[in-house]
Every structure is written in C-alpha cells, then in structure tokens.
Protein chains: 2
Amino acid sequence: MKQVVELLRTHAIQPSAQRVAVANYVLVTKEHPTAEQVFHAVTATFPTLSRATVYNTLHLFVKKGLLKQFALTEGVSVFDPHVEPHHHFVDDETGAIVDIPWDRIRVEGADDLPGIDVRDFQVVIRGKRHRRRTTNKAT
Amino acid sequence: MKQVVELLRTHAIQPSAQRVAVANYVLVTKEHPTAEQVFHAVTATFPTLSRATVYNTLHLFVKKGLLKQFALTEGVSVFDPHVEPHHHFVDDETGAIVDIPWDRIRVEGADDLPGIDVRDFQVVIRGKRHRRRTTNKAT
DNA sequence: AGCGACATTTGGAATAAGTCCAAAGTTGGA
DNA sequence: TCCAACTTTGGACTTATTCCAAATGTCGCT
C-alpha cells in the first residue's frame, strides 16, 4: 500500500487519495479492466470517487508509463499495468483477455517494413479456452 | 456493379438496393472504414439510406463472410473486405490502417498455446509512416 | 495561521458509437 | 393477386467517453 505512494511519486504523480485508490487496483490487476470496471472496483472501497477522476487518472497513468491502454475488443479500451512488450489472447466466448509472454511467440519481419517507423507491435490471438484436459469424457 | 449483385446472391444475401449500394463501397475500399464512414460515403450516392441499415448490412456482411470487423483503434470498429488472414499497421499520427500481407511477417508459436483453441491471430503494428522517398504521383 | 497560486476532483452536460424497436415498405412465390 | 417473410427506417435508448466550470485540496511563503 505504502509503496504505491512511492511509486506514484517516482513517476511524478501527486499521490492523492483518489489516485492511490485507483492505483491500488489497476496497477496490480491482471484482468485488463475497462475504465468502467476500474470505476466499479474502486468505488467499492472509495465510494465518492467520480467517473471523471477515474478517466483522468487512467490517462495520467498511461502518460506517465505506469499503464498501457489497448483496443482489443469492440467499443472499449482496456488498461494493463504490464507495460513491457507482450502479446494478448482474447477469449471470444467470455471476452477475457490474457497476457502471453513476449518470448512465447517468435515474430520475424514486423519491425522491418518499408516506409514505416515501427513504435511497437504485438500478436493478438482470438479463440476460446478449452476445457481442462482430463481422461474423463464429460458430456 | 452487376457482379456485386451476383456476389451477394452467392452469399445468400438478398441484393436490395441499399445492400448493393453499401457493398459497392465497402467491399472495394482499402481504407478500413468505420460504420460512420461507410454511412457518409454511401449516402453521397444513396441519400435516403439510414444509419440502422448501414449497421444491419455491415453486420450481415460480416456474418456471411464478406467482411471482417476489427478493433484496432479505440472506441470504434473498422470493416475490411480483405477477409484472408493478414496483419495490420496502424499509423499513430493519422489513424490510417494499412494491410500487411500475411507472408511479410513470420510468426511462430501463436497457434500452439496451452489451453487455448486458437481461431485466428494477427500482428498489430503501430508507428508512423516516414517521409516518402520521391514517390511522384499526381494528387 | 493565512494567503495566493496551482493542482485535483466532481457532477452533470455533451458527444459519439452502436443497439433496439415497432411501424412502414418491399418482394417472391403460391 | 395476395400474403407472409424479409428489409428498411427514424427515433429512442444505451454505453463509453470527453468536456466543463465550480468546488475543493495542497503547497510554499510570510
């Protein structure tokens, strides 16, 4: 908890109560929440928090490099505290988003495209998670 | 023009005037338009077309396999008549989206992830286009 | 402790993208 | 011709997000 305050300070962010509350959720989660989900999660413990502040704070964290913002599903942005390069899997059935480690996938040629100054890239995978592999037949 | 009617028929789509008008734009463009952009482009020649019909038609085309829908920029979907697997480059400065041929990039390991039934994947590249090298083309 | 300057938060209005709906229009085939 | 199914439409509604001006909080200085 306390180290979040330090983390914000080292990123030149004033650690207001609201920002600390948002940080304590969004900088830790692996769920790739939308802004709305952040709002719901944080208002549980900080009921006076406003939506506008959630948006302000998320965008500030993105600007300061504490978060990444991704467009992986239609209509909404999701936020991810995992700021190092990595890939994403999107479960078509549930909408769940899962990080895929950078080294798990080998990509060749993406940063060497004519006329393009590549800032970053990632592989986006869609599909479904399959049921646990067991020797039982479940039907 | 006429072959669009045939194309719709072979995909079990009744070729109404509205659908043909939308098809003549969206099945040909390389611009990755949003629904709103389709609406604007097509109402230029078919002024009575409604937004609802544009959405209905785009979704129908997606369902019938004539279009792909992608979430590449925040908040909006774009539509792409290029339905074969390929990658995308998104220009950060202009928002322009450009297809990258499948074979231009080699990806290894994306379809072999534990617990995941991969339906498809693509590389999404972000950056900016750099100055054109003496491409002379009439504007 | 008080003050001013600045930063931050807030609720609500505004905007944008998309969905939903019931009524009206169109069409193909018996 | 007529009808049942299909298609289109405008408008209301929802959801995500931005914008704004007022209120509140913070900090350094005296």
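Side chains are part of it too, since the values below use all heavy atoms of this structure and drop only hydrogens, waters and symmetry mates. Sequence lines set the chain letters: A, B, ... in the order given, protein chains first and strands last, and positions in each chain run from 1.
- Taking 4.0 Å as the cutoff to heavy atoms of chain A, we find the contact window on DNA chain D bounded by D/dA16 to D/dC19.
- Under the rule for a side chain to side chain contact (heavy atoms under 4.5 Å, CB included), the partners of B/Arg104 that lie at least two apart in sequence or sit in another chain are A/Leu113, A/Pro114, B/Ile100, B/Pro101.
- Residues meeting the ring pair (Phe, Tyr, Trp, His ring centres under 6.0 Å) test with B/Phe121, sequence neighbours left out: B/Trp102.
- Every residue meeting the side chain to side chain contact (heavy atoms under 4.5 Å, CB included) condition with A/Thr34, not counting sequence neighbours, appears here in chain and number order: A/Glu36, A/Gln37, A/Val76, A/Val78.
- Judged purely by distance below 3.5 Å, without hydrogens or angles, the side chains of B/His87 and B/Asp99 never pair a donor atom with an acceptor atom.
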With a cut-off of 3.5 Å and sequence neighbours excluded, list every side-chain donor-acceptor pair involving residues 61-73 of chain A.
unit_1  : atom_1 : unit_2  : atom_2 : d
A/Gln69 : NE2    : A/Ser77 : OG     : 3.1
A/Gln69 : NE2    : B/Glu74 : OE1    : 3.2

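- Of the residues in residues 39-61 of chain B, those lying under 4.0 Å from DNA chain D by heavy-atom distance are B/Thr48, B/Leu49, B/Ser50, B/Ala52, B/Thr53, B/Asn56.
- Sorted by residue number, the members of residues 68-77 of chain A with any non-hydrogen atom under 4.0 Å from DNA chain D read A/Gly75, A/Val76, A/Ser77.
- Across every non-hydrogen atom of A/Phe89 and A/Gly127, the tightest pair is CE1-N, 3.6 Å.
- For residues 7-22 of chain B, the set of pairs meeting the salt bridge (Lys or Arg N to Asp or Glu O under 4.0 Å) definition, not counting sequence neighbours, comprises B/Glu6-B/Arg9.
- Within the structure, the salt bridge (Lys or Arg N to Asp or Glu O under 4.0 Å) test picks out the following pairs touching residues 105-114 of chain A (sequence neighbours left out): A/Glu108-B/Arg106.
- In terms of position along DNA chain C, the nucleotide closest to B/Val78 lies nearer the 5' end than the nucleotide closest to the other residue of the pair B/Gln14 and B/Val78.
- Contacts of B/Thr94 classified as side chain to side chain contact (heavy atoms under 4.5 Å, CB included), with partners at least two apart in sequence or in another chain: B/Asp91, B/Ala96, B/Arg129.
- Linking Ile, Leu, Val, Met, Phe, Trp and Tyr whenever their side-chain heavy atoms come within less than 4.5 Å leaves B/Val124 and A/Ile105 in two separate clusters.
- The nucleotide range of DNA chain C contacted by chain B, defined by atoms under 4.0 angstrom from heavy atoms of the protein and reported 5' to 3', is C/dA17 to C/dC20.
- For residues 11-31 of chain B, the set of pairs meeting the ring pair (Phe, Tyr, Trp, His ring centres under 6.0 Å) definition, not counting sequence neighbours, is empty.
- Between the side chains of B/Gln122 and B/His88, at least one donor N or O lies within less than 3.5 Å of an accepting N or O.
- Taking hydrophobic clusters as Ile, Leu, Val, Met, Phe, Trp and Tyr residues chained together by side-chain heavy-atom distances below 4.5 Å, A/Leu60 does not share a cluster with A/Tyr55.
- Map B/Thr34 and A/Arg19 each onto its nearest nucleotide of DNA chain C; the residue landing nearer the 5' end is A/Arg19.
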